[in-house]
Amino acid sequence: MDYALQRPDKGYREKLKWLMFLRVLFSTLLLGSTIVLQVGDSPPPAAPPLRLLYGLIAGIFILSILYALMLSRVKRHTLFAYVQILIDTVIVTVILFVTGSLPSVFSFLYLVVIIYSSILLPIRATIVIAAVCSIQFGIVVDLEYYGLISPFGLQENLQVSGYPWNQVLYKILVTMTACFAVAFLSSFLSEQVRRTRTELHYMEDQVKRVEKMAAVGELAAGLAHEIKNPLASLSGSIQMLREDVRFDPDHDRLMQIILREADRLSSLVNNFLLYARPPASKEEAIELDTSLVDTVELFEKDATKNGRIAVTKTIQPGIWVSMDPVHLRQILWNLLLNAAEAIDDQGVINIEMYEEKGPYACIKVTDNGCGMTTEQLKSIFAPFFTTKPHGTGLGLSIVHNILEAYGSRLSVESETARGTTFTLQFRQIDPLGVLPT
Ligand code: ADP
Ligand code: MG
């Protein structure tokens with residue numbers, strides 16, 4: 001995958017500008033200092049090797065001006081960088097050729113080209129560049145070794161043909177290995193940097209979104225709070241009217257509808273406030289089995305099931321956790337309610353509580369109701385996600401919020417038409433000092 005193309009192009013263009021600027025700067029400095037050194041030495045200022053160096057500097061300047069002119073017009077920046085880097089490898093080869101290929105101090109320039117290639121190009125392209133560098137180096141040294149091109153070294157005594165063949169081969173192999181090693185290593189590092197940066201961008205976006213959500217949530221919570229009082233007055237007034245007004249079955253039916261809907265609205269508002277502004281928790285050590293049994297018993301008495309649902313429970317006593325009992329009840333209640341609502345006709349809800357290594361306390365709530373599709377599973381914790389005609393979609397969001405505040409875990413397994421299992425995991429505490437820590 002071409003990573004560079006996915007990223008915003010502006011940053012890439014900046015990088016290209018830097019490359020072009022540094023190329024001019026360093027080639028002027030490097031080649032300029034070489035010329036100064038040589039002029040101070042032996043050959044006259046207009047000797048052929050020096051003229052070639054002047055030409056090279058001029059060439060790099062002209063190329064850079066061309067690049068600068070093209071930069072704003074070129075659409076495919078990666079390709080542009082590719083071409084520039086390929087031309088750079090040729091420039092380095094010419095520099096090596098002028099400064100005496102094999103013994104030249106400038107062979108490190110290949111590595112420099114490979115390093116910035118790894119910053120600008122995907123890994124495969126960098127490997128290609130490393131190969132191109134190796135091949136060019138090999139060809140120049142070989143041609144000089146076999147005397148097919150006349151050495152252009154500034155110092156006549158450093159001729160390749162004067163070296164033993166095994167040293168030539170050794171130097172070529174070392175250079176090639178270095179090229180590939182640097183290509184892999186710096187590509188790897190650049191890739192790492194790119195990944196980290198992408199992740200950072202993603203997280204920044206996430207944080208912004210969360211901040212915005214929090215602001216909207218605060219607003220909605222304020223609104224919900226304001227709705228509570230007028231709603232209570234409304235249903236209170238209707239109730240009084242209902243008692244006072246002369247009995248008329250039609251009117252009574254209408255008033256019942258008003259009351260029922262006001263109830264629903266009020267439970268929505270309350271649930272929403274519970275979700276958006278959970279009451280400050282008062283943590284205390286609670287014995288899980290008694291709390292669990294209490295809530296389950298209350299639930300069994302609740303009218304929603306009308307005896308159509310059997311509840312079975314397996315409970316292990318003596319497990320303690322630290323949390324607000326109101327929160328625990330809220331969580332269990334929401335899960336049990338969902339389980340009951342998932343069961344159409346007759347069904348079973350199984351509650352299981354057991355210990356796990358950690359030490360953790362786990363509670364499993366299993367139903368054999370309608371179950372969920374994988375698509376549904378992805379959204380169930382989102383506020384207001386519901387598949388029920390009169391659902392609020394807040395039950396599981398509240399559960400999730402509460403558990404998050406305690407750092408507890410919740411997992412779900414579900415299969416359509418077979419049922420669902422919610423598993424809660426709390427960290428155990430040790431009020432009596434008997435548990436291993
Ligand atoms: P609500 O119950 O108001 O719809 P919840 O947040 O409690 O909101 O649940 C969200 C959705 O998750 C439900 O509408 C339902 O589709 C699904 N769901 C939750 N628990 C179960 C369960 N035990 N079995 C099947 N579906 C479930
Ligand atoms: Mg629910």
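Just so you know, ligand 1 is whichever comes first in the structure, and atom 1 is the first atom listed for that ligand. The model shown is predicted, which means the values in this text are computed figures rather than measured ones.
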Does [X] reach ligand 1, in the sense of a heavy atom lying below 4.0 Å from it?
X	answer
Gln376	no
Gly371	yes
Asn334	no

Please list the nearest protein heavy atom to [atom] with its residue and the distance rounded to 0.1 Å.
atom	answer
atom 12 (O) of ligand 1	Ile380 CG2, 3.2 Å
atom 15 (C) of ligand 1	Thr387 OG1, 3.4 Å
atom 10 (C) of ligand 1	Phe385 O, 3.3 Å
atom 6 (O) of ligand 1	Leu396 N, 2.8 Å

Quick check: do [X] and [Y] have side-chain heavy atoms less than 4.5 Å from each other?
X	Y	value
Asn368	Asn350	no
Lys313	Leu292	no
Ile351	Thr314	no
Leu96	Ser107	yes
Tyr110	Phe137	yes
Asp344	Cys370	no
Ile129	Thr89	yes
Ile95	Ile91	yes

Original post:
Which of these, Asp367, Asn338, Ile398, has its nearest heavy atom closest to atom 7 (O) of ligand 1?
Top reply: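 Closest candidate by heavy-atom distance is Asn338.
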Original post:
Given Lys388, Glu341, His400, Met372, which one has a non-hydrogen atom that is nearest to atom 27 (C) of ligand 1?
Top reply: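 Minimum heavy-atom distance to atom 27 (C) of ligand 1 goes to Met372.
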**OP:** Give every protein N, O or S atom lying under 2.8 Å from the Mg ion (ligand 2), naming each by residue and atom.
**Re:**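 Per the 2.8 Å query on the Mg ion (ligand 2), atoms found are Asn338 OD1.
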Element-labelled atoms of ligand 1 that are located less than 4.0 Å from some non-hydrogen atom of [X]:
X	answer
Thr392	3 (O)
Ala342	22 (C), 24 (N), 25 (C)
Phe422	20 (N), 23 (N)
Gly391	3 (O)

Original post:
Who pairs with Asp88 by salt bridge (Lys or Arg N to Asp or Glu O under 4.0 Å), at least two apart in sequence or on another chain?
Top reply: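 Per chain and number, Asp88 pairs via salt bridge (Lys or Arg N to Asp or Glu O under 4.0 Å) with Arg23.
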Would you please classify the geometry between the [Y] ring and the [X] ring as parallel, tilted or perpendicular, with 30° and 60° separating the classes?
X	Y	answer
Phe381	His400	tilted
Phe21	Trp18	perpendicular
His77	Tyr12	tilted

**OP:** Please determine if Ser397 has a nitrogen or oxygen closer than 3.5 Å to a nitrogen or oxygen of ligand 1.
**Re:**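 No, there is no polar N/O contact under 3.5 Å.
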Original post:
Does any N/O atom on Gly393 come nearer than 3.5 Å to any N/O atom on ligand 1?
Top reply: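 Yes, at least one N or O pair falls under 3.5 Å.
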Original post:
Quick one: does ligand 1 sit under 4.0 Å from the side chain of Thr386, the backbone, both or neither, non-hydrogen atoms only?
Top reply: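 The answer is both.
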Original post:
What do we get for Phe381 next to ligand 1 when only non-hydrogen atoms under 4.0 Å count, side chain, backbone, both or neither?
Top reply: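 The answer is neither; Phe381 stays 4.0 Å or more away.
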Original post:
Between Glu413 and Arg418, is the closest basic N to carboxylate O distance under 4.0 Å?
Top reply: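 No, no charged N to carboxylate O under 4.0 Å.
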Original post:
Is any NZ, NE, NH1 or NH2 atom of the basic residue among Glu211 and Lys208 found under 4.0 Å from an Asp or Glu carboxylate oxygen of the other?
Top reply: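 Judged by the 4.0 Å cut-off on N to carboxylate O distance, Glu211 and Lys208 do not form a salt bridge.
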